[in-house]
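Order of the sequence lines fixes the chain letters, A, B, ..., with proteins taken first and strands second; residue numbering starts at 1 for each chain.
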Number of protein chains: 2
Amino acid sequence: MPAAPLPTIHEVARLAGVSVATVSKTLNRSGKVSELLQARVNAAARKLGYAPHASARSLRSGATRILGLLVADLANPYFLRLVESIERLSSAAGYSVILCNSAEDPEREERHLAMLLSQRADGVIIIPTRRGWSGRQAALADLPMPGILVDRRIEGLELDSVTTDNVALGRLAAEHLDDLGHRRIAVIMGSPEHQIARHRLDGLRSGLASRGTTLDERLIEKDNFSEAAGHAAAMRLLRHAQRPTAIFATNNHLSLGLLRAIAERGLSIPDDLSVIAVDEPPWAGLVRPGMTIVTQPSEAIAQTTVSTLLSRVSEGRSGVEGEARSIQLQPALVVRGSTAAIRT
Amino acid sequence: MPAAPLPTIHEVARLAGVSVATVSKTLNRSGKVSELLQARVNAAARKLGYAPHASARSLRSGATRILGLLVADLANPYFLRLVESIERLSSAAGYSVILCNSAEDPEREERHLAMLLSQRADGVIIIPTRRGWSGRQAALADLPMPGILVDRRIEGLELDSVTTDNVALGRLAAEHLDDLGHRRIAVIMGSPEHQIARHRLDGLRSGLASRGTTLDERLIEKDNFSEAAGHAAAMRLLRHAQRPTAIFATNNHLSLGLLRAIAERGLSIPDDLSVIAVDEPPWAGLVRPGMTIVTQPSEAIAQTTVSTLLSRVSEGRSGVEGEARSIQLQPALVVRGSTAAIRT
DNA sequence: CTGTTAGCGCCTTCAA
DNA sequence: TTGAAGGCGCTAACAG
């Protein structure tokens, strides 16, 4: 039994016997209003179920208190965790979030961005799709409101960004595996076109190199980032004449494919081989005796993102002031049972 | 280098040498405008990077083309799939989605709903938190815009809803397990306070009863819906003097806990026991040789939800017309390897 | 302290 | 076919 249209400030004013300005001042705690009138206004507002009309307020004030959140791929548990944290933090700061899932489709990203411009979001948080669309670079550089990139940077684009130090991430994996004595180490890296994948590989390679080990280039599996690709790559590695003693999967989808392949082949972790993955997906608990992972600090990334963006928002209508900030946060190694010392 | 504030319709009009009315008519394809002026207007709009101001348009037109999506728990993969589908369908229909995650916290739900009222969302899609807040019933009954419940209904509330037929879901599990000869069947059901849990249990019980089997009440594990609770319940069942031959976990979090417990105990599926779960979480592929599940038709639910809501939106400003529609969709059994015939 | 008033940008009559 | 003008609900300046 949905009801009549919502009351306006005028009706509240009439019921309270005051002017609209008094209502506005009372509800926004701006300007001075006597206790008596405040009480009358609040009572009237409650009685009528008054809710200020956000569009009218925005039109007048120039701020929407809306943030746009453009996510490359909601199905990735890591991004989902970022979304959860960002939504919570934004909401706590008084901002609503318009969620847009690009699903790695550049066209959807472009349409969504145009919509966020129309909505006059006060700021936009972008996890960009891997492939861009024509004009994306310029569109993001000329954003009429503050914007910030998360997780993925776009080469050559001057825009605030918060990312993981992915070279360090690869190095952490390298050092851990080297400590355990592994020499035949394989990587399922996804696409080499992608900067993050390259950085993680570089970190692994240089980490091993600094310990005197050379990464066998034939054990580097390159393809896309899908679970199916991870599964196929893992199958190839597991059938290898000299099977690797450890496999590093550089992303959630890939590691899921890897684990599925290992299960299908009936191999046992870590007896038959060690596995190290990135992030902490919900299913990490299914791997006995626990998944060794390199985690990205998702909560810290979300906090840094929201606070950086909101500070830009309050700095002024545009983010022109100062250079673009590129913030890198450090990953951490979490050792569990899926990696073990190699038998000699 | 974010740029100047966005141009208004006036600046487009001035550049094109026409009036604002002509610009509006051109861009909205309403009214008649000569080809010549249309071209000039479009050129001017493109040149200036004009994007209509959504707040101004909403204020004038009374419609925001925004849908509110209030989700009880984003961390549940089933809800996440619904969110993905709903976002995609809404976006395709020209609506933006404000995402709100309640995280099963009634207070957050209440705050979010108030915000959606202020935003004057054209419609709201609600997966309600299990616990309500004082006044929720009334607030939802008196919603000033069309609203629709998804997955969970609220007892006594007259509002459109789209849910799974959970009794049928329980019955499907029952019939499958009975076909395989199972008699000692356990259930990890979550909280009996929750209607869905009760319906699924009822379905299981009646399904078994109709085959002449009585469900052993001591094998019904009741607690909350967390992974930890599922794990604890599973541990109790697995240590049972007479271990059940099959376990039915009625929700994603619970089944994850169950699988973890089985892995920890070193038991093998389906040799040591059969497992049947609900929904298709991303990690279903990790269970060899495949998880037998009862799936909820998430895509169909999303489609029905969005189309029902949007039809209410276009019916008129309120959803008063007609009775509340309660739509139930049917679950389906997907047989894989985690369930097997009992050895006799 | 309180009230009156002028727009914010847009769409939609209504006149020309 | 085109343009001029009013007003959606709200806030901020200003007047009393």
(request) Sugar-phosphate atoms are those with a prime plus P, OP1 and OP2; base atoms are the rest. Using that split, label each nucleotide of nucleotides 3-13 of chain C B, S or - for protein heavy atoms under 4.0 Å, 5' to 3'. (result) BB-BBBBBBB-
(request) Check step by step if side chain to side chain donor-acceptor pair (under 3.5 Å) holds for A/Glu107 and A/His112. (result) CA-CA 9 Å; A/Glu107 286 184 33; A/His112 280 142; over 6 Å; no
(request) Could you tell me which residues satisfy salt bridge (Lys or Arg N to Asp or Glu O under 4.0 Å) with B/Arg325, sequence neighbours excluded, listed by chain and number? (result) B/Glu315
(request) Verify, without hydrogens or angle tests, whether A/Glu104 (side chain) and A/Arg130 (backbone) share a donor-acceptor contact under 3.5 angstrom. (result) yes
(message) With each end axis built from five pairs of C1' atoms, what bend angle do you get for the helix from C/dC1-D/dG16 to C/dA16-D/dT1? Round to 10°.
(response) 40°
(request) Please name all residues satisfying side-chain hydrogen bond (donor to acceptor under 3.5 Å, both in side chains) with A/Arg153, sequence neighbours left out, ordered by chain then number. (result) A/Ser161, A/Thr163
(request) Specify the closest pair of heavy atoms between A/Arg108 and A/Ala103, including all atoms of both residues, with the distance to one decimal. (result) NH1-CB, 3.6 Å
(request) Grab the two heavy atoms, one from A/Leu70 and one from A/Cys100, that are nearest each other, plus how far apart they are. (result) CD1-CB, 3.3 Å
(message) Whether the B/Thr308 and B/Asp160 side chains hold a donor-acceptor pair (N or O, under 3.5 Å, no angle test) is what I'd like checked.
(response) no
(request) For DNA chain D, note the earliest and the latest nucleotide, 5' to 3', having some atom under 4.0 Å of a heavy atom belonging to chain A. (result) D/dG9 to D/dA12
(request) Run the numbers on A/Arg88 and A/Glu299 for salt bridge (Lys or Arg N to Asp or Glu O under 4.0 Å), then give the verdict. (result) CA-CA 11 Å; A/Arg88 179 169 31 77; A/Glu299 182 64 23; 3.1 Å; yes
(request) List in chain and number order the residues that pass side-chain hydrogen bond (donor to acceptor under 3.5 Å, both in side chains) with A/Thr22, two or more places apart in sequence or in another chain; answer none if no residue qualifies. (result) A/Ser19
(request) Compute whether any side-chain donor of one residue and acceptor of the other, for B/Thr129 and B/Arg136, lie under 3.5 angstrom apart. (result) yes
